[in-house]
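Bear in mind that the values here come from a model prediction, so they are computed numbers and not experimental data. Chain identifiers are assigned alphabetically (A, B, ...) following the order of the sequence lines, protein sequences preceding nucleic acid strands; residue numbering begins at 1 within each chain.
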Amino acid sequence: MGWAVTQTSSVPPAAAASAAGGTPRPRRTRPRRPVWPYLFVLPAIAALGFGFVFPLFSVVRNSFFAGTFYEMQYVGLGNFRQLFGDGVFLHSLANNLRLLLTVPLMTVLALLVAVVLHDGVRGWRVHRGAVFLPYILPAAGIGLAFGALLQFNGALNQALRGIGLGFLAQDWLGSQHWSIWSVGGVVVWQQLGFGVVVFLAALLSLPTEVVEAARLDGVSWWQLQTRVQIPQLRSTIEFFVVTEAITVLSWVFTYVYVVTGGGPANSSSVMEFYIWRNGFAQGSVGLANAAAVVVLVLAAVLIAVYLRLRRPPDDEGGVL
Amino acid sequence: MLGHRPGRVAGLAFAAAVAITVAGCTASSPSSGGEASGGGGDAEKADLTYWYWGESDAPGANDWMKARIAEYQQQHPGVKINLVLQSTDTLIGAFTTAAQTKSGPDIATQWATIPVLSQAWAGAVAPLSDYVPEDKRSQWIGTQENTDKGKLYAMPMYVIGIPLAYNKDLFTKAGVAEAPKTFDDLLGACRKLKTAGITPIGMGNKDGYFGAWFFSNFGKQSLDSTDDLKKAIIGTADIKDPKYTGFYEPMHQLKANGCLNDDIASLTLDQGMAKFGSGKAAMAWGTDGIINGWAKQLGADKIGITRTPKWGSGKLADVYNTTQSSSAFITSWSKNKKAAAQFLTWLHEPANLSSWYEATGIFPADKGFQPSSIKDDLGKQMWDLDSSDGAVWLENYLPPSVDGDGNLAGGQVITSGGSVKDAVDTFSKAVEKWRSQNPVEVKNYTAWAGQ
């Protein structure tokens with residue numbers, strides 16, 4: 001589009017000219033587009049350019065340089081080679097993947113709590129608030145609380161020893177083996193409330209007729225949940241799973257920072273933490289940018305998966 | 001959608017945040033190193049911002065600094081000083097970020113030597129010697145720690161040592177007759193204390209600082225001078241040689257023999273050391289300031305202090321571990337360098353030195369300080385140690401990235417149950433990474449090491 005015929009007649013211009021015996025070629029003109037609408041979107045374009053395009057371009061560009069904040073040297077793919085030869089980065093990447101295992105766990109737990117609350121447990125609103133509370137707690141408070149709770153001689157291990165389960169007591173924060181799982185536990189604990197609220201809202205929005213019909217048909221509670229209600233939550237579950245997958249891939253810095261500090265000996269480091277540590281604490285800016293590119297690619301893959309899942313079945317077009 | 005946090009699904013918010021912060025910090029052009037710019041402003045009319053750190057070394061430091069600022073502002077009505085307290089975890093990172101944007105403090109704090117000099121090499125620090133007269137600077141102690149090519153970059157405020165403190169009552173209870181002088185003595189004392197049911201050493205290493213201290217206390221004992229370490233850092237000597245990283249062996253022995261508290265890996269340094277202050281551990285390393293605090297808790301007569309037991313055979317095995325620790329400097333972008341220099345110089349006035357010592361029990365880094373003003377026995381012992389010749393704090397000579405990635409992490413390998421080999425590998429890889437990732441800093445470090 002963009003071209004318009006100046007004549008209003010339904011007769012094709014060429015035919016009309018021919019019929020008239022004249023020679024003029026059909027004259028097409030490009031209408032002037034008004035400029036003022038672009039002025040309205042200019043601030044948004046500038047904001048996007050400043051907030052997304054320029055930083056993304058800079059991250060990619062800087063990933064090919066090494067040096068401090070002040071002076072950088074071009075190293076080509078050297079940062080990426082060093083990145084994938086750096087045991088700490090690979091361990092950080094593996095930790096992000098390990099944390100992905102918390103997603104099905106928190107999904108199942110959130111669903112379970114949501115359906116129980118939805119069943120009309122007495123005081124369910126209070127329970128919902130209690131479950132949601134960790135989600136709005138400040139990270140610093142969570143770090144302090146779990147820092148004390150999970151110490152080798154902290155409350156958890158003292159309790160385990162007190163009830164004769166001392167063999168289960170571990171150095172949750174000080175062991176290279178356990179530290180990342182401790183972070184995972186905190187993630188599940190905090191994110192659970194988000195899942196419960198999301199699933200509960202979805203359950204409350206379901207049409208009641210289907211449930212009533214199923215009950216009249218004599219289904220058990222378990223059948224009602226697994227055959228009737230939860231299948232209707234499919235799109236909500238997809239949303240939750242993908243957003244939580246993105247969370248544990250690229251939003252867990254806070255948990256790592258406040259609970260373990262990435263230690264001991266980088267054993268609980270994740271990619272975000274690796275980026276922060278190298279970019280800000282260690283001055284290895286190029287390496288941090290290269291790691292950011294890797295995170296960006298992985299996040300983009302997850303976003304693509306999400307968009308693919310959210311696409312209506314009959315939509316064959318789209319960008320993916 | 002319900003519960004949908006802004007930008008979360010889009011995911012790109014994270015990338016944008018990373019991009020804004022990481023890339024934004026790399027966008028500006030480099031500046032030439034260390035030269036003061038501008039005329040320095042009016043010494044009597046200025047708004048100064050001071051990023052200050054000191055409380056962790058010297059409890060009472062923050063209140064002292066607030067009081068001094070209030071007094072200075074009274075004496076100099078045209079000068080306003082905004083004090084911004086800094087945390088240990090972000091001391092280097094926060095300043096590095098500020099330096100990139102050439103904004104933030106007029107006066108800042110970093111730990112002595114490489115943490116200061118690396119910022120100076122990057123052009124973020126104005127040479128203090130350009131603004132403070134020689135007759136004033138010559139009174140300061142420890143200026144060699146922050147001097148490069150004849151320029152002094154930062155001011156020392158205090159000197160501290162890190163002795164090994166021991167609880168006399170718990171030693172007596174366990175039958176330990178005297179303070180350990182050698183590493184074997186230390187292991188022997190540990191065995192007796194353990195037999196008596198007493199935790200021998202109370203420390204914390206969740207944040208890696210016990211390992212960093214151990215490096216300074218034991219790592220130097222294999223060296224003849226700090227030049228040895230510099231060679232290993234720049235690569236003319238092998239960092240994996242036991243001369244440089246052999247200190248992980250005694251650390252491993254302490255861990256393996258149960259000399260360290262069993263929760264050392266899950267406690268921060270402060271939390272671990274607090275076991276000594278509460279009488280739950282028989283020994284701990286602490287700064288002079290922290291030991292003063294323990295003396296108040298336990299009673300000064302209950303505490304003994306000694307040098308770190310001798311383990312190595314290098315010349316540095318016989319010197320103590322004193323440092324100015326943190327140092328104050330003027331930023332290269334400050335428009336009020338004269339006012340900043342005047343304030344820093346004023347902090348070394350005799351009345352301020354006295355009030356510093358009274359507030360913290362830490363010795364001022366100034367020849368004007370009168371040792372005769374030390375009245376307590378513990379203080380006198382500390383002074384004797386701190387003022388001994390040739391004292392060095394080895395951690396000051398590590399580039400910050402090697403300190404964090406290698407020194408702190410290497411110690412954590414040991415305290416979390418890892419092997420000496422793994423700890424050495426961790427340290428070695430950190431050094432290699434620094435060499436490949438910081439070419440300009442390596443060049444400056446090498447030039448500085450060659451002086």
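For B:D425 and B:K240, the salt-bridge test passes: some basic side-chain N is under 4.0 Å from an acidic carboxylate O. Ion pairing between a basic and an acidic side chain is recognised when a charged N comes within 4.0 Å of a carboxylate O; B:K206 and B:D270 show no such pairing.
Scanning residues 148-157 of chain A against chain B with a 4.5 Å non-hydrogen threshold yields A:Q151, A:F152, A:N153, sorted by number. Annotation: residues 410-423 of chain B contacts chain A through B:Q412, B:V413, B:S416, B:G418 [non-hydrogen atoms, separation under 4.5 Å].
If you run ring-ring contact (aromatic ring centres under 6.0 Å, His included) between B:W111 and each of B:Y209, B:W53, B:F95, B:Y397, only B:W53 comes through.
The closest side-chain donor-acceptor pair between A:Y274 and A:N266, if any, does not fall under 3.5 angstrom. Side chain to side chain, B:D263 and B:Q271 fail the donor-acceptor criterion of an N or O pair below 3.5 Å. Defined by atom type and a distance below 3.5 Å, a donor-acceptor pair is present between the side-chain atoms of A:S179 and A:S267. Using modelled atom types and a 3.5 Å distance limit, the side chains of A:Q190 and A:Y255 yield a donor-acceptor pair.
Ranking B:N261, B:D262, B:L267, B:T90 against chain A, the residue ahead of the rest is B:D262, based on heavy-atom pairs under 4.5 Å. In terms of non-hydrogen atom pairs under 4.5 Å with chain A, the most contact-rich of B:S401, B:A265, B:A430 is B:S401.
Counting only residues at least two apart or on different chains, the salt bridge (Lys or Arg N to Asp or Glu O under 4.0 Å) pairs with a member in residues 395-416 of chain B are A:R277-B:D405, B:D405-B:K433. The stretch residues 416-442 of chain B participates, sequence neighbours left out, in these ring pair (Phe, Tyr, Trp, His ring centres under 6.0 Å) pairs: B:F215-B:F427, B:W434-B:Y445.
Residues A:W172 and A:F146 place their aromatic rings such that the two centres sit no closer than 6.0 Å.
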Could you walk me through whether B:L408 and B:D207 pass the side chain to side chain contact (heavy atoms under 4.5 Å, CB included) check? CA-CA 8 Å; B:L408 273 66; B:D207 47 14; over 6 Å; no

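The two atoms that bring A:A299 and A:L249 nearest to each other are N-CD2, 3.7 Å, heavy atoms only.
Contact of A:F253 with chain B is not made at all, since no heavy-atom distance falls under 4.5 Å. Of the two parts of B:S436, the backbone and the side chain both hold a non-hydrogen atom closer than 4.5 Å to a non-hydrogen atom of chain A. With a 4.5 angstrom heavy-atom cutoff, A:V297 does not touch chain B via any of its atoms.
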